[in-house]
K.L.:
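Supplied in structure tokens, the structure appears directly below.
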Number of protein chains: 2
Amino acid sequence: MTTVRVLLADDEHLIRGALAALLALEDDLVVVAEAATGPEALAMARAHRPDVAVLDLEMPGADGVSVATSLRAELPGCRTMIVTSHGLPGHLKRALAAGVRAFVPKTVSARQLAGIIRTVHAGNRYVDPELAADAISAGDSPLTARETEVLELAADGAPVAEIAERASLSQGTVRNYLSAAASKLGAENRHAAVRLARQRGWV
Amino acid sequence: MTTVRVLLADDEHLIRGALAALLALEDDLVVVAEAATGPEALAMARAHRPDVAVLDLEMPGADGVSVATSLRAELPGCRTMIVTSHGLPGHLKRALAAGVRAFVPKTVSARQLAGIIRTVHAGNRYVDPELAADAISAGDSPLTARETEVLELAADGAPVAEIAERASLSQGTVRNYLSAAASKLGAENRHAAVRLARQRGWV
DNA sequence: CACTGCTCATGACAAACGTCATGTGATGAG
DNA sequence: CTCATCACATGACGTTTGTCATGAGCAGTG
């Protein structure tokens, strides 16, 4: 029997500790390191070289996906998986693009999670069926790169003038992109467009 | 030694299960029921009459605070406490107003949580020191009831006409309230105002 | 009772915004 | 090479906001 060396990264102590305890019950899994932030997770991974890194999506410092991206470059032998409370389709896509091997919501049980860790360690992938269905039905973002960029800058309610300056575009161009984005998303105005794009994980 | 009968409510199976396991390690705590949604938590509480109800703030169906409110009315002997990932000052205030005895972030350890459960059972209160500091420094919402109501309706980017209709107000009045709210919050426009109010838990 | 603060309204003006027509370059597919 | 698409721009138009002045009714407080 091979034992799987696991890194746990989650900023919620309650979950991390509890998870460590539950995974310890599995004979073939051993938690070799824990981290509460993105940078800490990277440092721990370098120091302990785990087989599988279980990363929370939302962490201070750097989110799970960017940690996964760094790990992929630095420790190719380390498989990564993302655990999250908010299962947005866009996040799933970003994660898979970053080479993450599994994407699971926190609604699974610890036993299931243990199974998924084994699956990942064996070189396979796992995606929560429900999230996968959402992601497929949600489809790809219809927005062009610039439209997305401008929409992001509009996300905190900034006026057009400010967006134009930050994007180094003319105000007219910004309005055009915003208008295009809103109509593509079927929104009445840019603010509603921002909301929709967020919901679908496109921003 | 008295044993404390605990109800656990959290929609994230991973956390709930793990938590149950860790609390089971404490001799004087026994988890008598678990729930994944607000309504389920209420039903379980009625059936099992726990001493302390540990409620997640964000749950499908009904959030932790409204569950606490119902419990207070139905089972006055049952002490309630809220556990949450997002520690917004406004939530803390709402919770305390609803008679919740403790408000803790998920960044505490299971051992600490066990201690807090005992504290609550003994009839005392507990509020995370950092959250308390935030809540005090954040202060009360400067918005009047109507301003808050209108701002909430504006939250999804709806145009003034729609807000006016839904609030049964004239468009001019809506603009006045929105303008007042934005200036009280120091925001450039209503959308930024919505963001700020959300951050501080005032919507 | 006077005063203050909240609610609700109207009207008016300037600024910001949404939309459309139109045009130029660049890039990539056929 | 041609055609479509994207990036970027301008100017113009009408609409939607933000802001301000002003006022009326109604509650609670001193």
Side-chain angles (χ1 to χ4, degrees), chain A residues 90 93-94 97 138-203, chain B residues 90 93-94 97 138-203:
Chain A
K93 292 201 174 165
R94 273 203 310 139
D140 268 334
S141 169
L143 306 177
T144 67
R146 278 298 186 293
E147 283 164 1
T148 307
E149 185 191 334
V150 171
L151 201 57
E152 266 169 38
L153 289 172
D156 49 358
V160 171
E162 195 180 314
I163 301 172
E165 198 182 354
R166 292 217 273 167
S168 304
L169 290 176
S170 83
Q171 298 198 12
T173 305
V174 168
R175 287 209 296 257
N176 287 155
Y177 283 148
L178 250 20
S179 182
S183 91
K184 280 182 184 175
L185 297 179
E188 295 222 329
N189 56 46
R190 62 220 179 90
H191 305 289
V194 166
R195 260 193 348 112
L196 285 174
R198 259 206 235 285
Q199 269 176 23
R200 301 181 196 169
W202 291 336
V203 293
Chain B
K93 293 203 171 165
R94 273 203 309 139
D140 267 334
S141 168
L143 305 177
T144 68
R146 277 300 185 293
E147 283 164 0
T148 307
E149 185 190 334
V150 171
L151 202 57
E152 266 168 38
L153 289 172
D156 49 359
V160 171
E162 195 180 314
I163 301 172
E165 199 182 354
R166 293 217 272 167
S168 305
L169 290 176
S170 84
Q171 299 198 10
T173 305
V174 169
R175 287 209 297 250
N176 286 156
Y177 282 150
L178 250 21
S179 181
S183 91
K184 280 182 183 176
L185 297 178
E188 294 223 329
N189 56 47
R190 62 217 175 94
H191 306 289
V194 166
R195 262 196 342 115
L196 284 173
R198 258 207 235 285
Q199 270 176 24
R200 301 181 195 170
W202 291 337
V203 293

K.L.:
On a heavy-atom basis, which atom in B:L196 and which in B:L185 lie closest, and how many Å separate them?
P.N.:
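Nearest pair, atom of B:L196 first, then B:L185: CD1-O, 3.5 Å.
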
K.L.:
Which heavy atom of B:A193 sits nearest to which heavy atom of B:A182, and what is that distance?
P.N.:
CB-CA, 3.9 Å

K.L.:
Measure from OH on B:Y177 to P on C:dC6 and round the result to the nearest Å.
P.N.:
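After rounding, the reported distance stands at 10 Å.
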
K.L.:
Show me the side-chain donor-acceptor pairs of residues 152-172 of chain B shorter than 3.5 Å, one per line, residues at least two apart or across chains.
P.N.:
unit_1, atom_1, unit_2, atom_2, d
B:S170, OG, B:G172, N, 3.4
B:S170, OG, B:T173, N, 3.2
B:S170, OG, B:T173, OG1, 2.9

K.L.:
Quick one: CG on A:N189 to NE2 on A:H191, what's the gap to the nearest 0.5 Å?
P.N.:
5.5 Å

K.L.:
How would you list, by chain and number, every residue that makes a side chain to side chain donor-acceptor pair (under 3.5 Å) with A:R94, sequence neighbours excluded?
P.N.:
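A:R94 satisfies side chain to side chain donor-acceptor pair (under 3.5 Å) with A:D63 only.
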
K.L.:
Nucleotide by nucleotide, 5' to 3', does protein get under 4.0 Å of the base (B), only the sugar-phosphate (S), or neither (-) in nucleotides 17-23 of chain C, counting heavy atoms?
P.N.:
BBBB---

K.L.:
How bent is the helix from C:dC1-D:dG30 to C:dG30-D:dC1, comparing axes over its five end pairs at each side, to the nearest 10°?
P.N.:
40°

K.L.:
Using the heavy-atom set of chain A and a strict 4.0 Å cut-off, write down the first and last nucleotide of DNA chain D that makes it in, 5' to 3'.
P.N.:
D:dA7 to D:dA12

K.L.:
Counting only side-chain nitrogens and oxygens, does B:S170 get under 4.0 Å of the OP1 or OP2 atom of C:dT10?
P.N.:
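Yes, because at least one side-chain N or O of B:S170 sits under 4.0 Å from OP1 or OP2 of C:dT10.
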
K.L.:
Select base, sugar-phosphate, or nothing to describe what B:T144 touches, counting heavy atoms under 4.0 Å on all strands.
P.N.:
sugar-phosphate

K.L.:
Under the salt bridge (Lys or Arg N to Asp or Glu O under 4.0 Å) definition, can you give me all pairs with a residue in residues 174-187 of chain A, not counting sequence neighbours?
P.N.:
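Output for this query lists A:E147-A:K184.
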
K.L.:
Side-chain contact, heavy-atom cut-off 4.5 Å: A:E149 with A:R146?
P.N.:
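Heavy-atom side-chain distance check passes, below 4.5 Å.
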
